[in-house]
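First comes the structure, then the notes that go with it.
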Amino acid sequence: FLRSYHFIVLSVFKVLYNPYLLCDSSNAYLWSRPVSDVTSLLWLQEDPYVMDRGTELEGFCIDLLQKLSEQLHFNYKVATVKDGRYGTQTTDGNWTGMIGEVVRREADLAVASLTITSSREEVVSFTKPFLQTGIGILLKEDSATEGASLFHFLKPFSKETWTGVIVAYLLTCLCLFLAARLSPSQWNDPKSEENHFTFLNSLWFGAGSLTLQGAEPHPKALSLRIIAAIWWLFTVTLLAAYIASYTTLLSSGSDQLSIQTFEDLVKQRELEFGTLESASTFQYFKNSKNSVQQMIYEYMDKRRDHVLVKSYQEGIQRVMESDYAFIGESISQDLEVARHCNLIRAMEVIGARGFGIATPKGSPWTSKLSIAILKLSESGDLDYLHSKWWETSCFHKGQDEWNPMKPHALGGIFLFLAIGLALGIVVALVELSNKSRRTADQDKKSCCSVFTEEISQRFRIREDQKQENPGKVKP
């Protein structure tokens, strides 16, 4: 695709001594000392890969070339690319731009932010990638963040955690209800006494504990006190975790991105989105079999005159000045985010790819440069160059700086509650068993029959007797 920059061609000269460069700013050529074994090299000026600083060039690719020259011992000169393009295939099968010049052997190497694709690999050879990238979404931070909603207070916990809390509450209330019916210390005589620990009262007791308030009826049996104590411990821990998470959420002041994936981008209606026309990114969505990516292509294709941009800088400008999301190379977007503090890139990156050096088919430079690039990667030099040219003074609140609390963060207290509930039910059964044994000894009955009778009485559904209407005469 076309960029609004100057384009440069370099010629590389293999030498047996250390190189030096002289710059003639009048014709933008850099010449080395006369040498043999000339290898011409194409360059494309693009920030931060190659930048013209008047009498000299600088940038990521310039530093990369310098390190490669130290390993492979070559000098180079520069000249302008003829059509100023990376290279696409025309309808007649010919190639334009840098790829075309390498295919026609007008140049021996092409070093730039040149994406390795299958169609290009068919006509040229690529080295190992010196930078990894993908397809990302560039957004203006103000238009991409969602403010506090009506249910903002629910955000400290994830949906799974809230579900676990509700289930734990209902199970605890159920255990309180069962233990109150089983334990003779809480309900001694089912025939004459009324059990105040109904299920509704148990729900009320559990809700009162959640708000750190006392609620009646009060548990008297050991089994109920065990369940109540475990539930109180659970609620205190839960409230402490909620307060801590909510405080972090409010103090961070970081609203969540409303668009974090390409699916989010398709579903929303506030922002338009597009990419560079006739670029590899547009072709990627066109050829994709993924349903979401196909929807993105159909959206851009139907509105191509309005949403597709002619240059990378035009896309950046539209993002900053209007409600527009720009789809492009993630590594280039990271540079814009580093330089423009009001921009942000969405989390999802698709279509992993790399930037490589293009050489003609069968060129001896391919393997030499690949080995040199691998050595630079293993030594950490490529990481250093990336951090050098993508350095930023902006502070972006990380999207993973705060996250809703997941169930595994509270897994221990959930487990502790489950053990306490089980222990309370077991103690209630032991209490009922002891009473049944004493009753069996007194009445000279079987302990099992007395225990069964007690269970039946405690869980028998009592039907209220209907009062007869005194004014109604029976037939």
Side-chain angles (χ1 to χ4, degrees), residues 153-190 193-249 403-438 451-452 454-460:
F153 68 94
L154 295 176
K155 284 192 173 182
F157 290 163
S158 66
K159 294 178 181 178
E160 296 81 4
T161 304
W162 282 118
T163 302
V165 170
I166 294 173
V167 171
Y169 166 70
L170 293 176
L171 283 178
T172 301
C173 295
L174 179 61
C175 289
L176 282 171
F177 170 73
L178 294 177
R181 283 187 169 267
L182 290 173
S183 175
S185 300
Q186 187 71 33
W187 193 25
N188 184 40
D189 189 0
E193 294 181 6
E194 183 182 357
N195 190 343
H196 297 289
F197 251 106
T198 63
F199 187 68
L200 288 178
N201 285 341
S202 299
L203 291 175
W204 178 247
F205 182 87
S209 300
L210 274 174
T211 57
L212 300 182
Q213 300 294 321
E216 294 185 352
H218 299 299
K220 296 183 294 183
L222 175 62
S223 55
L224 267 74
R225 291 180 177 181
I226 291 176
I227 296 176
I230 293 296
W231 176 243
W232 288 336
L233 178 62
F234 177 85
T235 55
V236 169
T237 306
L238 186 71
L239 290 174
Y242 177 86
I243 293 171
S245 182
Y246 198 45
T247 302
T248 304
L249 171 62
N403 284 308
M405 189 167 290
K406 302 292 183 180
H408 60 78
L410 297 170
I413 193 64
F414 276 101
L415 177 62
F416 195 64
L417 176 65
I419 295 174
L421 296 180
L423 180 61
I425 295 297
V426 170
V427 171
L429 290 172
V430 170
E431 290 174 338
L432 183 60
S433 176
N434 290 335
K435 182 192 176 185
S436 300
R437 186 179 294 108
R438 291 193 298 269
F451 183 81
T452 304
E454 285 281 353
I455 293 289
S456 177
Q457 289 178 355
R458 292 173 181 276
F459 289 96
R460 182 178 300 161

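Note that NZ of Lys406 and NZ of Lys159 are 10.0 Å apart. Values are rounded to the nearest 0.5 Å. The distance from the OG1 atom of Thr161 to the OH atom of Tyr242 is 12.5 Å, given to the nearest 0.5 Å. To the nearest 0.5 Å, atom SG of residue Cys175 and atom CH2 of residue Trp231 are 11.0 Å apart. The structure places CD1 of Ile230 at 11.0 Å from OG1 of Thr235, a figure rounded to the nearest 0.5 Å.
Contact annotation: the side chain of Phe234 never approaches that of Phe416 to less than 4.5 Å [non-hydrogen atoms, C-beta and beyond]. Residues Leu182 and Leu429 are in side-chain contact: their nearest non-hydrogen atoms beyond the backbone lie under 4.5 Å apart. The side-chain heavy atoms of Phe451 and Ser433, taken from C-beta on, include a pair separated by under 4.5 Å.
Applying the salt bridge (Lys or Arg N to Asp or Glu O under 4.0 Å) test to pairs two or more places apart or on separate chains, those with a residue in residues 410-438 are Lys435-Glu454. For residues 233-248, the set of pairs meeting the salt bridge (Lys or Arg N to Asp or Glu O under 4.0 Å) definition, not counting sequence neighbours, is empty. For residues 224-237, there are no salt bridge (Lys or Arg N to Asp or Glu O under 4.0 Å) pairs, not counting sequence neighbours.
Across every non-hydrogen atom of Pro404 and Ser158, the tightest pair is CB-N, 3.7 Å. In plain terms, the two heavy atoms of Ala168 and Leu417 that are nearest each other are CB-CD2, 3.6 Å. Pro156 approaches Tyr246 most closely through the heavy-atom pair CG-CD1, 3.3 Å. The two residues Leu224 and Pro219 come nearest to each other via the heavy atoms CB-CB, 3.6 Å. Residues Ala221 and Ser183 approach most closely at CB-OG, 3.0 Å, considering heavy atoms. For Leu233 against Thr237, the heavy-atom pair with the smallest separation is O-OG1, 2.9 Å.
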Phe177 vs Phe197, test: side chain to side chain contact (heavy atoms under 4.5 Å, CB included). Steps then yes/no. CA-CA 6 Å; Phe177 170 73; Phe197 251 106; 5.9 Å; no

Practice problem: Check step by step if side chain to side chain donor-acceptor pair (under 3.5 Å) holds for Ser245 and Thr248. | Solution: CA-CA 5 Å; Ser245 182; Thr248 304; over 6 Å; no

- Message: Is there a side chain to side chain contact (heavy atoms under 4.5 Å, CB included) between Ile413 and Leu238? Walk through the geometry before answering.
- Response: CA-CA 8 Å; Ile413 193 64; Leu238 186 71; over 6 Å; no

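Ring-plane geometry between Trp232 and Phe205 is classed as tilted, the angle between the planes lying from 30 to 60 degrees on a 0 to 90 degree scale.
Residues meeting the side-chain contact (heavy atoms from CB on, under 4.5 Å) test with Lys220, sequence neighbours left out: Gln186. Scored by the ring-ring contact (aromatic ring centres under 6.0 Å, His included) test, Tyr169 finds no partners at all (sequence neighbours excluded). By the side-chain contact (heavy atoms from CB on, under 4.5 Å) test, Leu239 pairs with Leu212, sequence neighbours left out. For Thr198, the side-chain hydrogen bond (donor to acceptor under 3.5 Å, both in side chains) criterion is met by Asn201, not counting sequence neighbours. Every residue two or more places apart in sequence or in another chain was checked for a side-chain hydrogen bond (donor to acceptor under 3.5 Å, both in side chains) with Trp162, and none qualifies. Among residues two or more places apart in sequence or in another chain, the side-chain contact (heavy atoms from CB on, under 4.5 Å) test is passed with Thr452 by none. With sequence neighbours excluded, the residues that form a side-chain contact (heavy atoms from CB on, under 4.5 Å) with Leu178 are Leu174, Ile425, Phe459. Under the side-chain hydrogen bond (donor to acceptor under 3.5 Å, both in side chains) criterion, Ser185 pairs with no residue at all, not counting sequence neighbours.
Under the side chain to side chain contact (heavy atoms under 4.5 Å, CB included) rule, Leu176 has a single partner from Leu171, Leu421, Leu203, Ile227, which is Ile227.
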